[in-house]
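Worksheet: one structure, shown below.
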Amino acid sequence: MIAEVIVDIPVKQTDKPFDYKIPESFLSLIQPGMRVVVPFGNRKRLGFVIRIKKESELTNLKEIDSMIDHEPVLTNELIELGGWLSKTALCLKITAYQAMLPAAMKASYKKYLRIVHPEELHERWPESLSFLNGYYNKEWGQILKKATEDELIIIQKALQEGWAVLEQAVGDQSTSKRIKSIGTELSKAELEKAYDQLDQRAKKQREALAYFINQDQRHFIPLARFLEETGVGRSSVKSLIDKGLLLEKDVEQFRDPYSHSDIKSTEPLPLTIEQQKVLEPIVRDIEEHQHQVYLCHGVTGSGKTEIYLQAIDKVIKKGKEAIVLVPEIALTPQMVHRFKGRFGSDVAVLHSGLSRGEKYDEWRKINRGEVSVVVGARSAVFASFKNLGIVIIDEEHETSYKQEESPRYHARDVAIFRGRYHSCPVVLGSATPSLESFARAQKGVYQLAPLYSRVNQQPLPEVTMVDMREELRSGNRSMFSKQLFSKLNDRLEKGEQSVLFLNRRGYATFVMCRDCGYVVQCPHCDISLTYHRRQGRLKCHYCGYEEMLPDHCPSCQSEYMRYFGTGTQKVEEALTQLLPEARVIRMDVDTTNKKGAHENLLKAFGDGKADILLGTQMIAKGLDFANVTLVGVLAADSMLHLPDFRASEKTFQLLTQVAGRAGRHRLKGEVVIQSYTPDHYAIVDAGNHDYQSFYQKEMLARRQRQYPPYFYLTLITVSHVDFTKVVDATEKIARYLKQRLSNEAIILGPVAPPIPRIKDRYRYQCMIKYRNEPNLINVLKECQNHFQDIHSKDALKVTIDINPYLLM
DNA sequence: AGCACGCCGACT
DNA sequence: GTCGGCGTGCTC
């Protein structure tokens, strides 16, 4: 039998299946979807078996070297999905397959020194064996570091003459945690007999044995826990092991990141009539095995999650599985608890806060069928379930569902692929659906499922707009308007909590010379550096470059360097000055990069240990604190003027999300939105909680400017250290596209992108707008093959992003 | 990716 | 005359 294998070498020349003979001994074991080690050229590589067949067109096939998995890690569906991804997202097959699996399963290649004929080698160099023994089974890199020069000469000779060989070992980075445990393989009767025969003086040993007599005999208990629980000493255990009564072994331990939190179990809540209307057709599809995409448009607090939970319950009862996608920043313990509360240990959770090993363990629970629900961020859409019954994407409009590196897939598209494959419903939920999805719902491609009233009948919070231009005119130069400031004070007196939102971290966005207007920029990225007060340094938010704050203008030597723009650090500082008694928690990338910091800060705020929560994006979602009655948006227009056709949409969504954080429970909520353009429809409509109005206006703008959902986009970015090469290649690409695509396709550029240089590489872009280009993928592929010369090391990089979300 | 094969300059 | 530069092509 022959296996088709996709080899782990991420270049286009090897991006095709290679045939290998399956050795006799593996014949009954090997299945498509398993990882194997294959000889490739003169070394060994990991590969994925994607197909098994009887014959090959080639002769002289090599044999598969060994198997890595005992069970397939990819189902047939996922193998197919990988092929589809590589076609539609223009990526390599191996890249697609790797994206579906946890990072711990990526191959690791290590070289080891193996001695072929130890005796003969010893005869030849008598002094060699002692040091070679020390290096036996050591990684080659380690040997090179440790060995002396004389030793290296001998090793080299031994390698040349064939006494020793370098062997490549292929494995992955998965480490299952093993814990030293004790137990017994004897029966209860045998143990009792042994107990009676034990020396009367061996009190502790008898005690230990009694422990095992009184419990399930096949159960192994971690040694450390046993010692602690029984108070028996290590030595007593050892004598029992020596007597053959107890057995020590390393038991594989599943890391359960949520084992320490106690989660209250919850019962399904009664649904409102509106909720039932939404749930009904979804349940019908589950029962009747139908694929359909639902867009659940529900205002904040309308009970979307309860609908998800009850739909999943139906899926589980049918013996099928459910995937729930949640944006990374909304994947808070609160969110996880809602699912664990309803389905208990039937839930696996996948998010970036887990360690590599923890993610791997969660993945294995899925692959072994030990859970039937997975809650996770984008990549959880690849969960290797075999009987998928529903896929739910919460906060459907979130741009983080699009992966910004190869494979550049959108989780929504993958979800729909899987929904079709399994004939099961896909539910997209959002209070502020993306224009693309809402337009599809309007056209009837998706089923619109509206939820326009709140479950608890709480009115949406009242929104106050503040025109910051007028504040400035009336002499208020601070970042807080009079209204916001007095309301903050008011909450402080009442002991209620406030949330302040500013979408910019750091202290000041840029530092400028007042005399000559020079702005300090990153020397590698052509973007202004952000001032971080605490370290007194300037940082680049794109490449991480840092430098000291200059005390003179580098251009004109003037001493008048001033900070412009406001970041969360500066707001924090202002708060401590203006409201010294207020306790403030600041949440942004800079305060939450340590593991667990995110949860701890939120918990502290939830426990009432602070009066004001100040933060960026990450506090806009999922927070649900009963005592929060005021939400302040410091600069509503900070995103509005970004060079992105989605700027209005993002502003509307963010404002609506943030406003939804106030008054979610008994206390009434209030929102203050500060802005310099309070008449912009994105801000006005967000203030009125009016999605429909915003949708109408924004669709009009999109049609006029020929953007999605009226047109599709593809963005081609070329980068290289040499600016002229970049421009030249991009121009050629643009010309080529014009020639090959239909007349209806609009090719914009080449132009320099908003950030013309990142990490010392110049960038140039070309945008394609189109409605129907059946040949597009092929043309794009030709472009990439033609211009991205893989052979030279300083090659042009051609990045093709179909349906881009990041336009820089 | 990594390695072999292959065709042109400065060296024992 | 050869050693070695890295351009081209192949790996089941």
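Everything numeric here is computed off the predicted structure, so don't read it as measured data. Below, read A as the first sequence line, B as the second, and so on, with proteins coming before strands; counting in each chain starts at 1.
- Closest approach to the A:V11 side chain among B:dC3, C:dC12, B:dA1 is made by B:dA1 (side chain taken as heavy atoms from C-beta onward).
- Going from atom CD1 of A:I9 over to atom P of C:dT11 covers 12 Å, rounded to whole Å.
- Between the CZ atom of A:R45 and the P atom of B:dA1 there is a distance of 10 Å, given to the nearest Å.
- With A:R408 as reference, A:D801 is the one residue of A:D801, A:L715, A:T88 to meet the side-chain contact (heavy atoms from CB on, under 4.5 Å) rule.
- The side chain of A:N42 lies closest to B:dC3 when the candidates are B:dA1, B:dC3, C:dC12.
- Protein atom CG of A:D8 is 16 Å distant from nucleotide atom C1' of C:dC12, rounded to whole Å.
- Below the 3.5 angstrom threshold, one finds a donor paired with an acceptor across the side chain of A:Q13 and the base of C:dC10.
- As judged by a 4.0 angstrom heavy-atom cut-off over every strand, A:L58 is placed among the base-contacting residues.
- Taking the six-membered ring where the residue is Trp, A:Y97 and A:F48 present tilted rings, their angle falling between 30° and 60°.
- Going from atom CZ of A:F40 over to atom P of B:dA1 covers 13 Å, rounded to whole Å.
- Note on ring orientation: taking the six-membered ring where Trp is involved, the planes of A:Y736 and A:H786 are parallel (angle under 30°, cut-offs 30° and 60°).
- Put simply, NZ on A:K44 is 16 Å from C1' on C:dT11, counting in whole angstrom units.
- If you take CD of A:Q98 and P of B:dA1, they are 14 Å apart, rounded to a whole angstrom.
- One can place CZ of A:R43 at 13 Å from P of C:dT11, the figure rounded to the nearest angstrom.
- In this structure, A:Y805 and A:H410 have tilted ring planes: the angle between them lies in the 30° to 60° band.
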